[in-house]
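I have placed the structure first, in the form of structure tokens, so that the comments after it can refer back to it.
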Amino acid sequence: MLFVSGQVMTMVPTMNPDIPSPRILSIGSVNIDLTAYSPALPRAGETIHATRYATGLGGKGANQAAACARLAGAACGVALVGRVGKDAFGTQARESLSKFGTDCRWLSDDAGNGTGLALIGIDARGENCITVIGASNMAVDVGDLDRAQAAIAGARVVMLQLEIPMPAVIEAARRARAAGAIVLLDPAPAPHDGLPDALWAEIDVVTPNETETERLVGLRPRDAAQAADAGAALRAKGARAAVVKLGANGVYWCDATGSGFIHPFAVTAIDTVAAGDCFNAGLALSLSEGRPLGQAVRFAAACGALATTKRGAADAAPERAEVEALLLT
Ligand SMILES: Nc1ncnc2c1ncn2[C@@H]1O[C@H](COP(=O)(O)OP(=O)(O)OP(=O)(O)O)[C@@H](O)[C@H]1O
């Protein structure tokens, strides 16, 4: 059946009884990252020559889905709900997601918008400047959720981020929670004026880093004690649990049953890009297996730490065996 809604033209996916309903969904953005490496970044009006470039999968929705699929392995049941353009970048994104094992049945082709892009410049010192073109990501709406309703209804964990329009995020959270799924929100990029109350009410676990925490509750945590204050403030907003990520300084968690601080795993970090996405992927997988929050956060912290030992975004995602080995140290 061909379904036409606004600018989207896509096949309506049906739930094939031979393919189990996904256990974990990421509802969010898909980008292709185009990265140019040059000795210095260009100033306004300047043209420079890069020494090399790379293209790869990006967007927090796609990164988290891909990382989670790699972690979960063969019969993983990790799906992505979102949009790509009907262009070469959309084809590249689909191929890349499929290589990780991500179920793309609910990834729509948007006939009216191109695929989301991130244009990234990196200089010799590792400084970067990034231009994001949201494109089809900014067209994600309730129609995408309608098409994915059967998947939302069957999911154990739904991962959300803030790179698609806020009304779609709120409605996705509402539907997922109503269906009994655990709703994970990575509040990135965090709006300057915080989150709407309608979203706070639907969040099971919110996972900000230091700067996102400051935008959400006005506190910038630098250690475990400050993270505990921030965690309490995040729960007072309405989230049932808070996980405050402090990068190389560890991670704090709290929920109705208690709280804890996980010290960072000792790794040799070479690139922290998407450590947070791999962390959230691990958290989603572990929660989907019924682990309590403290155990799930420890698993996630090992995933985040391993992601810093490889270059790239989704490409830096570890496999489960690597995570289990690090957890034994
Ligand atoms: N250098 C590191 N050593 C060990 N663990 C790390 C390191 N950096 C990150 N981690 C782990 O990964 C988690 C997520 O990293 P971080 O706090 O940088 O997230 P983030 O800011 O959301 O990341 P990004 O936006 O770059 O994806 C941390 O809470 C920590 O558990």
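Predicted model only: the values in this text are computed from it and were never measured. Every number for a ligand or one of its atoms is a count from 1 in the order of the listing.
- Summarising the local packing, CZ of Phe89 is surrounded by 12 or fewer heavy atoms from other residues, nucleotides or ligands at distances under 6.0 Å.
- Atom 21 (O) of ligand 1 has Asn209 ND2, 2.8 Å as its closest protein atom, hydrogens excluded (heavy atom only).
- Contact check on Asp141 versus Arg83 returns a salt bridge, with a Lys/Arg side-chain nitrogen under 4.0 Å from an Asp/Glu carboxylate oxygen.
- The nearest heavy-atom contact from the protein to atom 15 (O) of ligand 1 is Ala275 CB, 3.7 Å.
- Residue Gly276 places at least one N or O, backbone or side chain, under 3.5 Å from an N or O of ligand 1.
- For atom 16 (P) of ligand 1, the closest non-hydrogen atom on the protein side is Gly247 CA, 3.8 Å.
- By the rule that hydrophobic residues join a cluster once side-chain heavy atoms approach within less than 4.5 Å of another member, Val81 and Met166 end up as members of one cluster.
- Ion pair Asp110/Lys86 not flagged as a salt bridge, since none of the NZ, NE, NH1 or NH2 atoms sits closer than 4.0 Å to an Asp/Glu carboxylate oxygen.
- Annotation: Val267 places no N or O atom under 3.5 Å from an N or O atom of ligand 1; distance criterion only.
- A side-chain donor from one of Thr257 and Asp255 sits under 3.5 Å from a side-chain acceptor of the other.
- Neither the backbone nor the side chain of Ile262 has a heavy atom within less than 4.0 Å of ligand 1.
- Every atom of ligand 1 is numbered from 1 in the order shown, and the set under 4.0 Å from a heavy atom of Phe279 is 13 (C).
- Residue-ligand proximity, Asp277 to ligand 1, at heavy-atom distances under 4.0 Å covers atoms 27 (O).
- Checked options Glu214, Glu210, Glu212; the residue passing with Arg220 is Glu214 (criterion: salt bridge (charged side-chain N to carboxylate O under 4.0 Å, His left out)).
- For Tyr53, the side-chain contact (heavy atoms from CB on, under 4.5 Å) test picks out Thr55, with sequence neighbours left out.
- For ligand 1, the atoms lying closer than 4.0 Å to a non-hydrogen atom of Ala274 are 26 (O), 27 (O).
- Any N or O atom pair closer than 3.5 Å counts here, and Lys245 shares at least one such pair with ligand 1.
- Hydrophobic clustering, with ILVMFWY side chains joined whenever heavy atoms are under 4.5 angstrom apart, keeps Tyr252 apart from Leu283.
- For atom 4 (C) of ligand 1, the nearest protein heavy atom (residue, atom name, distance) is Phe265 O, 3.4 Å.
- Atoms of ligand 1 lying under 4.0 Å from any heavy atom of Gly250, numbered from 1 in the order shown and given with element: 29 (O).
- Under a 4.0 Å criterion applied to the non-hydrogen atoms of Ala301, ligand 1 contributes the atoms 31 (O).
- Looking from atom 12 (O) of ligand 1 to the surrounding protein, the closest heavy atom is Gly304 CA, 3.4 Å.
- Summary of contacts: the protein heavy atom closest to atom 25 (O) of ligand 1 is Lys60 NZ, 3.9 Å.
- Both the sub-6.0 Å distance and the 45° axial angle are satisfied by Arg52 relative to the ring of Tyr37.
- Residue Thr308 places no N or O, backbone or side chain, under 3.5 Å from any N or O of ligand 1.
- The pair Asp277-Lys60 meets the salt-bridge criterion, since a charged nitrogen lies less than 4.0 angstrom from a carboxylate oxygen.
- Counting heavy atoms closer than 4.0 Å to ligand 1, residue Ala269 contributes side-chain atoms (C-beta onward) but none from N, CA, C or O.
- Ligand 1 places these atoms under 4.0 Å from at least one heavy atom of Thr272: 26 (O).
- Using a cut-off of 4.0 Å between Lys/Arg side-chain N and Asp/Glu carboxylate O, Arg125 and Glu127 are scored as not salt-bridged.
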